[in-house]
Asks: 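One structure, pasted below without further comment.
Just so you know, these numbers use all the heavy atoms, side chains as well, and skip hydrogens, waters and symmetry mates. Letters go in sequence order (proteins before strands), and every chain restarts at 1.
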Amino acid sequence: MLIEELLSQELSKGLFALYKLDVPPVQLVFQKTKKEFEGDLTLVVFPFVKASRKAPEETALEIGTYLAGHLTEVSTFNAVKGFLNIVVSTDYWLTYFKGVEKQKDYAIRPVNETGDKVMVEYSSPNTNKPLHLGHIRNNLLGFSIAEILKAGGKQVVKATLVNDRGIHICKSMLAWKKWGAGETPDNTSDTACRKGDHLVGKYYVLFDKEFKVQSSKLLEQGMSKEDAEKKAPIILEVQEMLRKWEEGDPEVRTLWTLMNGWVYKGFESTYRTLGVDFDKTYYESETYLLGKKIIEQGLRKYVFEKKADHSVRIDLTADGLDEKVLLRPDGTSVYMTQDLGTAVQRFSESPDLNRLIYVVGSEQDYHFKVLFLILKKLGYKWAEDCFHLSYGMVELPEGRMKSREGTVVDADDLIKEMIDTAREMTLELGKTEFSDPAEAEELYRKIGLGALKYFMLKVDPKKKMLFNPKESIDLQGNTGPFIQYAYTRIRSILRKSELADGYLSWTADFIPEQKEKELIKLIYSFPAVIQEAGNSFNPGTIANFVYELAREYNHFYQDCPILKQESVSRRNFRLSLSAKTAEVISFSMKLLGIEVPERM
RNA sequence: GCACCCGUAGCUCAACUGGAUAGAGUGCAGGCCUCCGAAGCCUGAGGUUGUGGGUUCGACUCCCGCCGGGUGCACCA
């Protein structure tokens with residue numbers, strides 16, 4: 001049994017015995033003892049001093065005495081002010097370690113086929129331009145959260161909703177039709193455009209340029225800015241194209257299929273290097289009409305209102321929000337309509353779904369607030385199972401990325417730069433022992449991506465983060481490569497030992513040192529860390545944990561001889577502890593989507 | 001203007017959800033490779049947690065007011 005549970009139960013009894021206090025064990029929490037005090041777990045006794053009618057320190061001692069008297073797992077304790085520091089017996093830690101050392105998946109909960117099922121929607125790209133830095137954060141977050149939830153025992157469906165239609169998609173199509181001259185990813189002389197998403201992105205930019213030329217010309221002719229932007233010939237043309245698309249015009253549809261195909265191929269390649277994947281891909285072209293039926297139902301229930309201009313709206317002012325349009329006067333649907341539709345679709349498709357997580361930037365906080373509220377008003381009881389995992393923007397030192405100013409950090413470029421940096425760093429450090437160039441490249445990829453992913457995931461998703469392209473991402477200190485390095489050092493030791501061949505036996509004929517105990521405690525806490533990361537939808541929790549583990553191992557490595565340890569039992573214990581640490585590092589990193597190399 | 005979010009070492013981030021003397025990394029100053037891998041380890045300086053109040057045994061954390069920054073306020077997605 002977990003030591004916290006043992007303590008809580010006994011404490012619950014103790015509080016009653018001592019002070020006639022009736023507190024259920026779940027309400028009694030112990031926290032980790034701060035480094036500067038002696039002890040493993042700490043109880044804050046302030047809440048009990050009213051009942052004990054004694055000074056905090058005295059109360060702490062009294063409780064400590066009770067716990068030590070009733071639990072052999074408590075070896076000693078001390079009280080500082082209102083804090084009761086409990087020292088857990090080394091026997092408990094060693095027994096725990098013995099119990100899990102050979103159990104590879106000790107930290108995960110097996111997925112229960114009838115248990116919680118959660119869908120994580122992430123990535124959801126537009127098919128008119130390549131992925132950038134912001135998408136990278138989204139992708140890494142979505143993937144990692146999904147993996148963490150899986151490890152926490154949930155059934156997980158990774159989903160993405162591709163924004164494959166609409167006026168913005170038509171823009172690049174029209175530009176290509178006008179000026180493309182048959183350029184394709186295969187025949188292009190522009191090397192960057194061999195990747196289809198970049199090719200399509202180029203035409204999206206061309207459209208925008210022409211649009212600006214035309215609208216400023218109209219502006220000079222004395223037209224208002226608003227009108228100029230509405231009347232530019234190219235805008236009228238693209239609107240016509242969208243109309244044709246919706247009618248199913250074969251020529252437009254063919255072009256659409258062709259160009260989207262290029263984009264998908266490009267995305268696939270980026271996804272592959274990023275290591276993210278999806279169980280289910282939805283296309284907006286197939287879902288954009290969903291939702292109208294729901295609007296009708298809502299009208300019948302008087303949740304929505306049909307206005308004089310024939311638009312359908314919902315008044316949310318009573319909830320502190322605004323009036324929201326759900327159907328235009330001409331009966332066409334809007335973004336919200338569609339999102340209502342897809343949500344309903346997903347829950348009816350899989351009735352066992354009990355969580356739907358949208359990984360979407362914080363710019364859309366309001367949208368999701370409204371969406372969830374409408375679903376609730378429509379009477380869907382699963383509305384409260386919807387969750388917007390809102391993450392902060394990735395900012396540059398100058399502020400937000402702006403395509404107009406050309407400050408958008410392209411995903412593919414960034415990945416390439418990170419791999420280049422890893423290569424340079426490796427060569428600079430003189431780590432050139434890799435004869436096989438393919439193996440070396442594989443290593444640079446692992447390091448470069450490891451640095452990038454760790455950098456983006458260690459930050460709390462809710463917070464915006466800063467990325468400085470000029471100072472490339474660090475490879476030292478609190479970074480991915482730091483953790484990868486700790487891992488490779490362990491692997492190196494294990495290769496030199498006999499552990500690779502199997503289990504080495506040890507008996508606890510020694511008293512573990514503090515550094516050994518710290519490692520066991522971290523290994524012990526890992527399952528709880530996974531749960532917490534899942535509950536708070538925060539991969540940063542895993543990142544912080546694995547960093548601490550690597551750091552703690554480095555301390556241990558620094559002053560505890562392992563292979564040179566003369567006592568065989570202790571040597572084997574240290575090897576086993578090292579092996580377990582490596583395993584936990586590797587698994588933690590996997591939850592972050594980061595690979596660990598065998599050597600670096 | 002209204003709504004929401006955010007201000008923590010020079011810089012980038014933590015702080016177990018209200019607990020002890022607010023921790024790491026980086027940068028800076030110094031030290032450690034004849035010893036399991038120095039992408040590592042150790043020491044030092046660096047803070048009135050934007051600011052003023054309030055709540056209480058206790059506040060980076062909760063409440064109110066200011067100051068500064070961001071995002072949203074489409075019949076776009």
Asks: For A:Asn554 and B:C41, is the shortest distance between a side-chain N/O and OP1 or OP2 below 4.0 Å?
Replies: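 For B:C41, OP1/OP2 do have a side-chain N/O of A:Asn554 under 4.0 Å.
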Asks: A:Phe37 on top of B:A20's base, within under 5.5 Å and under 30°?
Replies: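 Stacked: ring centres under 5.5 Å, planes under 30°.
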Asks: Pairing check on B:G68: which nucleotide meets the Watson-Crick or G-U wobble criteria with it, both distances under 3.5 Å?
Replies: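 Across all strands, the one nucleotide that pairs with B:G68 is B:C6.
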Asks: Distance check: side-chain N/O of A:Lys464 vs OP1/OP2 of B:C5, anything under 4.0 Å?
Replies: no
Asks: Should A:Ser492 be listed as having a side-chain N or O under 4.0 Å from OP1 or OP2 of B:G37?
Replies: yes
Asks: Look at the side chain of A:Asp309 and the base of B:C75, then say whether one donor and one acceptor between them are separated by less than 3.5 Å.
Replies: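 Per atom types, the contact qualifies.
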Asks: Taking A:Thr541 for its side chain and A:Ala533 for its backbone only, find out whether a donor-acceptor pair lies under 3.5 Å.
Replies: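 No: the side chain of A:Thr541 does not pair with the backbone of A:Ala533.
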Asks: Are B:G58 and A:Phe46 stacked, with the base six-membered ring and the side-chain ring centres under 5.5 Å apart and planes under 30°?
Replies: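 Here the ring of A:Phe46 and the base of B:G58 are not stacked, as the 5.5 Å and 30° limits are not both satisfied.
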Asks: Considering just the side-chain nitrogens and oxygens of A:Arg489, establish if one lies under 4.0 Å of OP1 or OP2 belonging to B:C36.
Replies: no
Asks: Across all strands shown, which nucleotide pairs with B:G46 by Watson-Crick or G-U wobble geometry, both distances under 3.5 Å?
Replies: none
Asks: Give a yes or no on whether a donor-acceptor pair under 3.5 Å exists between the nucleobase atoms of B:A20, that is its base, and the side chain of A:Thr42.
Replies: yes
Asks: According to a strict under-4.0 Å criterion, is A:Tyr335 in side-chain N/O contact with OP1 or OP2 of B:A77?
Replies: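 Answer no for this pair, as no side-chain N or O of A:Tyr335 is under 4.0 Å from OP1 or OP2.
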Asks: Using both distances under 3.5 Å as the test, list the Watson-Crick or G-U wobble partner of B:A22, or none.
Replies: none
